Amino acid sequence: MHIAAMTPIYPGSTDAAGRPATLGVLGGGQLGRMFVHAAQRLGYFTAVLEPDTESPAGLVSHHHIQTDYDDPAGLAQLADLCQAITTEFENVPAQALQTLAQTRPVAPGAAVVGIAQNRIEEKAHFVACADLSGVTCAPYAVIETPAELQAVRDERPDLLPGILKTARLGYDGKGQVRVRNAADLATAWAELGSVACVLEKMLPLTAECSVLVARGWDGQVVSFAPQRNVHVDGILAVTHAYEGNMPPALATRARDAAVAIAQQLSYVGVLCVEFFMVEDGSEHGSLVVNEMAPRPHNSGHYTLDACDASQFDLQVHAMAGLPLPQPRQHSPAIMLNLLGDVWLDASGQRREPDWTAVLRLPGTHLHLYGKLHARAGRKMGHLTITGPDVASVKAVAQRAVALLGLPGYED
């Protein structure tokens, strides 16, 4: 179903059979859960397609279709229930989105999700729109065959040391290996199964940031200010979201680049674009684009508490064809990611975090995702701290970090 413009799906409306307006999502994780909450708050019914019987989103949705993402009967049931459909993660089969799009508006579309699923296609897109966005990616080479591996070793020694990344199914630091030289590169490619990979040149990074953009069916675009992110072992640990979190010139460039990337894709929905800040000898350094996520993003969770419209509100508005309000951030914020490690003591036994002490701190907003089993490295929730000024937010964040034993916090 190709849609240049669509008739809005209004909350509280009904279809010809008298059924309430229902929005669907493929995937039942925490992003799906927060989407469901945002849709229900507006008055929509919701449906989640997710095989896990204990999925965070499935537990709170009006409908939970417990099938695999590519199950024809499940997809047909989702399409029958819903007036529009989205996805909560990029590794859902693109073919499933294509099937749904034959009868329902799907945002984002299968083609865009397919690009984000493959680093080779993703980087080609970044290069293709570099003139428009003003930002390109790190120098890289594609390795899909032994001949291409040899060509990199012989002709592109400038890419080493680098990071070898699988083209598909890499996230939260998975599918990535640092390589110092040609011997490391050959070993790493073999360890990754000799699958299609991208070798990226290692750059002198000073920080990481991301930008959230929402674009509607009619081409309207709104965006949030860039947030500065800190990762530990490839997983987001801390997001700094306040004025002055990065040099203003780089913030403006990142925001403009993210909008240009979304426009070039004719994107519909919420898109997160991640950037590296790189030392290049200039006063504030430069930017390179790292990757994009065709969905709301962990680094945007602060918008639930610090903005008058969250990334999930905009996701709902975009897919339903509603106007996109330009979000306003009313409070500085710091978001702390809560992994399963917080629930485990030094011997790996479960314990309860000291929520009493944490929730006594001013401006704390605890979000747990309804996951029943804590595991090291598993995203269990997040804590956002807001306040009247940056100094007070930082002070509370430091106390929360100490109480919970969280890594990665830095002023």
Side-chain angles (χ1 to χ4, degrees), residues 90-91 93-95 110-210 231 233-235 253-254 257-258 260-261 264-265 271-282 285-294:
E90 57 267 43
N91 287 331
Q95 181 59 48
V112 174
V113 173
I115 291 173
Q117 289 177 343
N118 188 319
R119 292 187 192 277
I120 297 171
E121 294 184 27
E122 183 181 60
K123 289 189 177 300
H125 172 70
F126 292 152
V127 171
C129 67
D131 289 343
L132 182 64
S133 70
V135 176
T136 191
C137 49
Y140 74 97
V142 174
I143 300 176
E144 297 181 280
T145 66
E148 288 175 329
L149 174 67
Q150 189 62 46
V152 169
R153 297 169 68 181
D154 293 344
E155 302 168 17
R156 298 295 306 275
D158 59 301
L159 294 178
L160 296 168
I163 303 177
L164 186 67
K165 301 180 179 181
T166 56
R168 291 185 175 273
L169 301 178
Y171 64 97
D172 287 345
K174 298 178 177 67
Q176 301 186 16
V177 182
R178 292 179 178 240
V179 293
R180 296 166 299 173
N181 50 45
D184 281 357
L185 175 60
T187 300
W189 192 54
E191 289 176 348
L192 291 173
S194 301
V195 298
C197 288
V198 169
L199 174 66
E200 296 178 11
K201 181 179 179 63
M202 200 174 295
L203 300 175
L205 309 183
T206 59
E208 301 175 47
C209 69
S210 56
H231 290 77
D233 296 330
I235 301 176
R253 193 178 310 164
I261 288 168
Q264 186 81 356
L265 288 166
L271 176 73
C272 181
V273 183
E274 297 182 71
F275 300 88
F276 292 136
M277 290 183 266
V278 179
E279 177 60 57
D280 66 353
S282 63
S286 59
L287 286 177
V288 296
V289 59
N290 176 34
E291 60 186 18
M292 62 183 181

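Predicted, not measured: the structure shown is a model, and the values here were computed from it.
- Using a 4.5 Å heavy-atom cutoff, the side chains of Met277 and Leu205 are not in contact.
- At least one side-chain heavy atom of Leu160 sits under 4.5 Å from a side-chain heavy atom of Leu199.
- Between Met202 and Gly162 the shortest heavy-atom distance is CE-O, 3.4 Å.
- Taking CD of Glu279 as the reference point, atom CG of Leu203 lies at 11.5 Å (rounded to 0.5 Å).
- Asn91 CG to Gln117 CD: the interatomic distance, rounded to the nearest 0.5 Å, is 6.0 Å.
- The backbone N or O of Thr166 sits less than 3.5 Å from a side-chain atom of Arg119, completing a donor-acceptor pair.
- Distance check: Ile143 CD1 to Glu148 CD gives 8.0 Å after rounding to the nearest 0.5 Å.
- Using a 4.5 Å cut-off on side-chain heavy atoms (C-beta onward), Leu159 and Leu185 make no contact.
- Residue pairs meeting the salt bridge (charged side-chain N to carboxylate O under 4.0 Å, His left out) criterion with at least one member in residues 121-141, sequence neighbours excluded, are Lys123-Glu200.
- Here the straight-line distance linking atom OG of Ser210 with atom CD of Glu291 works out to 10.5 Å at 0.5 Å rounding.
- At least one side-chain heavy atom of Pro204 sits less than 4.5 Å from a side-chain heavy atom of Val278.
- Only one option out of Val289, Ile115, Val288, Val135 pairs with Phe126 in a side chain to side chain contact (heavy atoms under 4.5 Å, CB included); it is Val289.
- Scanning both residues, Pro294 and Leu271, for their nearest heavy atoms gives CA-CD1, 4.0 Å.
- When all heavy atoms of Asp280 and Gly285 are compared, the pair lying nearest together is OD1-CA, 3.3 Å.
- Nearest heavy-atom pair, Ala188 versus Val177, reported as atom, atom and distance to 0.1 Å: CB-CG1, 3.8 Å.
- From Arg178, atom CZ reaches atom NZ of Lys165 across 9.5 Å, with rounding to the nearest 0.5 Å.
- Using a distance-only test at 3.5 Å, with no hydrogens or angles considered, no donor-acceptor pair links the side chain of Ser133 to the main chain of Ala260.
- Between the Trp189 side chain and the Val195 main chain, a donor and an acceptor come within less than 3.5 Å of each other.
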